[in-house]
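These notes are about the structure you will find just below.
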Protein chains: 2
Amino acid sequence: MATTETSAEPLSIGEVAERTGLSVHALRFYEREGLLVGPVQRTSGGRRRYTASDVDWLLICVKLRESGMPLADLKRFAELVRHGPGNEAERLRLLDAHRQRVDARIQALEECRSVIAWKVGVYADHLARGEADGLWDPTA
Amino acid sequence: MATTETSAEPLSIGEVAERTGLSVHALRFYEREGLLVGPVQRTSGGRRRYTASDVDWLLICVKLRESGMPLADLKRFAELVRHGPGNEAERLRLLDAHRQRVDARIQALEECRSVIAWKVGVYADHLARGEADGLWDPTA
DNA sequence: CTACGATCTAGAGCGAGGTCTAGATCAAGT
DNA sequence: ACTTGATCTAGACCTCGCTCTAGATCGTAG
């Protein structure tokens with residue numbers, strides 16, 4: 001069980017890709033873009049070695065991205081963390097603003113869902129009754 | 001109250017833009033891409049005249065897009081409707097598949113939100129206690 | 001008639017967020 | 001030593017979904 005454990009052993013980029021769901025390309029891209037808190041360590045041969053906290057950070061990044069945070073905001077957040085203690089209020093503001101956007105997005109999606117569900121119902125009814133009328137259809 | 005009513009009067013592209021939230025550019029683009037059910041009528045001078053059902057369709061489009069349906073799927077849906085009665089089962093499948101994707105997306109967002117809310121809580125606690133420790137922070 | 005804003009077409013351009021390529025190097029197995 | 005697969009860098013390229021431009025025309029108010 002040495003390959004799947006959550007140990008202190010540094011991981012290769014491929015292993016981190018597996019664990020985070022990001023592609024190795026994306027991992028290098030994120031690093032170039034300054035989205036990581038610290039520089040990733042390297043082996044003598046130049047290969048990246050990710051620590052557990054690198055992976056933790058990436059997992060947070062994945063959630064923030066998945067919820068629609070732009071890379072620019074993620075970068076800003078990374079910069080704040082990189083800069084160290086003293087800016088927690090700003091980090092909080094950034095995260096909380098994002099949380100609000102996520103809430104709004106969820107609400108918007110729920111509204112869309114109800115419109116779509118209604119339309120699905122219209123078609124389902126129509127098919128159940130085997131009729132060609134009663135549907136809104138400009139070509140009918 | 002002639003300018004804001006929901007009448008049978010055809011509307012100019014600018015009026016439709018106002019009512020749907022799409023830009024006039026986007027409206028022309030959608031038309032070019034075949035996302036509309038029928039061809040938009042024109043005045044003798046060549047200007048577009050949208051009917052109420054054009055607007056209804058566009059409002060559906062807006063909801064589908066807002067909920068993440070790709071233009072390609074929207075185009076497919078438009079083609080089905082344009083083709084007329086007889087393919088309602090496929091329309092239903094398309095819409096229902098989308099509804100499921102929306103549900104999945106909402107769930108994913110809710111998970112993200114809880115991760116983010118937890119992180120917000122961590123920072124809020126930290127600030128409330130005025131401490132510099134207890135935070136996960138690789139640079140500390 | 002003259003202005004002026006809205007609209008027209010065709011097509012170029014853009015921003016986000018990666019993805020992919022080429023060619024070299026590293027590391028491990030045999 | 002040789003082969004194989006993972007990784008390296010720099011930078012080109014891609015998809016999506018519009019957005020914008022240029023230059024012409026329409027249509028309405030004065």
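Letters A, B, ... are given to chains in the order of the sequence lines, protein chains preceding strands, and every chain is numbered from 1.
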Find out whether B:W57 and B:Y50 are in side-chain contact, i.e. whether some heavy atom of one side chain is under 4.5 Å from a heavy atom of the other.
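Result no, sub-4.5 Å side-chain heavy-atom pair not found.
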Please write out each protein N/O paired with an N/O of nucleotides 26-30 of chain C under 3.5 Å, distance rounded to 0.1 Å.
| from | atom 1 | to | atom 2 | distance (Å) |
| --- | --- | --- | --- | --- |
| C:dC26 | O4' | A:R47 | NH2 | 3.3 |

With respect to the side chain of B:H25, which nucleotide from D:dT19, D:dT9, D:dT7 is positioned closest?
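Ranking D:dT19, D:dT9, D:dT7 by closest atom to the B:H25 side chain puts D:dT19 first.
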Hey, which of B:E88, B:E90, B:R91 is the one that makes side chain to side chain donor-acceptor pair (under 3.5 Å) with A:Y123?
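Among B:E88, B:E90, B:R91, the one meeting side chain to side chain donor-acceptor pair (under 3.5 Å) with A:Y123 is B:R91.
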To the nearest Å, give me how far apart [atom1] ([X]) and [atom2] ([N]) are.
{"X": "A:E33", "N": "D:dA10", "atom1": "CD", "atom2": "P", "value": "13 Å"}
{"X": "B:R49", "N": "D:dC26", "atom1": "CZ", "atom2": "C1'", "value": "11 Å"}
{"X": "B:L58", "N": "D:dC18", "atom1": "CG", "atom2": "P", "value": "12 Å"}
{"X": "B:E18", "N": "C:dG5", "atom1": "CD", "atom2": "C1'", "value": "14 Å"}
{"X": "B:F29", "N": "C:dA10", "atom1": "CZ", "atom2": "P", "value": "15 Å"}
{"X": "A:L27", "N": "C:dG17", "atom1": "CG", "atom2": "C1'", "value": "14 Å"}
{"X": "B:E31", "N": "C:dC8", "atom1": "CD", "atom2": "C1'", "value": "11 Å"}
{"X": "A:R42", "N": "D:dC8", "atom1": "CZ", "atom2": "P", "value": "6 Å"}

Applying a 4.0 Å non-hydrogen cut-off, can you work out what A:R32 is touching in the nucleic acid: base, sugar-phosphate, or nothing?
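Base, at least one base heavy atom under 4.0 Å.
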Using a heavy-atom cut-off of under 4.0 Å over every strand shown, decide if B:R28 touches base, sugar-phosphate, or nothing.
base
For B:R48 and A:S23, take the nucleotide of DNA chain C holding the closest heavy atom to each; which residue's nucleotide lies nearer the 5' end?
B:R48
A:V81, B:V115: one ILVMFWY side-chain cluster at the under-4.5 Å cut-off?
no
Which distance, rounded to the nearest 0.5 Å, do you find between the CG of B:L59 and the CG of B:L64?
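Atom-to-atom, B:L59:CG and B:L64:CG are 11.0 Å apart.
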Atom CZ in B:F77, atom CG in B:L95: separation rounded to 0.5 Å?
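The CZ atom of B:F77 sits 4.0 Å away from the CG atom of B:L95.
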Just to confirm, is there a sub-4.0 Å distance from OP1 or OP2 of [N] to any side-chain nitrogen or oxygen of [X]?
{"X": "A:S12", "N": "D:dA6", "result": "no"}
{"X": "B:Y30", "N": "D:dG17", "result": "no"}
{"X": "A:R65", "N": "C:dG18", "result": "yes"}

Other residues, nucleotides and ligands only: do more than 12 of their heavy atoms fall within 6.0 Å of CD on A:Q107?
no
Can you tell me if CD on A:E79 sees more than 12 non-hydrogen neighbours from other groups inside 6.0 Å?
yes
Any sub-3.5 Å donor-acceptor pair from B:R42's side-chain atoms to B:R47's backbone N or O?
no
Among side-chain atoms of B:T51 and B:D54, is any donor-acceptor pair under 3.5 angstrom?
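Looking only at side-chain atoms, B:D54 and B:T51 do form a donor-acceptor pair, the distance falling under 3.5 Å.
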Tell me the bend of the helix from C:dC1-D:dG30 to C:dT30-D:dA1 as the angle between end helix axes, each from five pairs, rounded to the nearest 10 degrees.
10°
Answer yes or no: is there an ion pair linking A:R28 with A:E31, defined by an N-O contact shorter than 4.0 Å?
no
Closest non-hydrogen contact found for B:L127 with A:A89 is CD1-CA, 3.6 Å
Could you pull out the closest heavy-atom pair between B:S67 and B:H98, with the gap in Å?
OG-NE2, 2.8 Å
So if I take residues 67-78 of chain A and measure heavy-atom distances to DNA chain C, which residues fall below 4.0 Å?
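Under 4.0 Å from DNA chain C: A:P70, A:L71.
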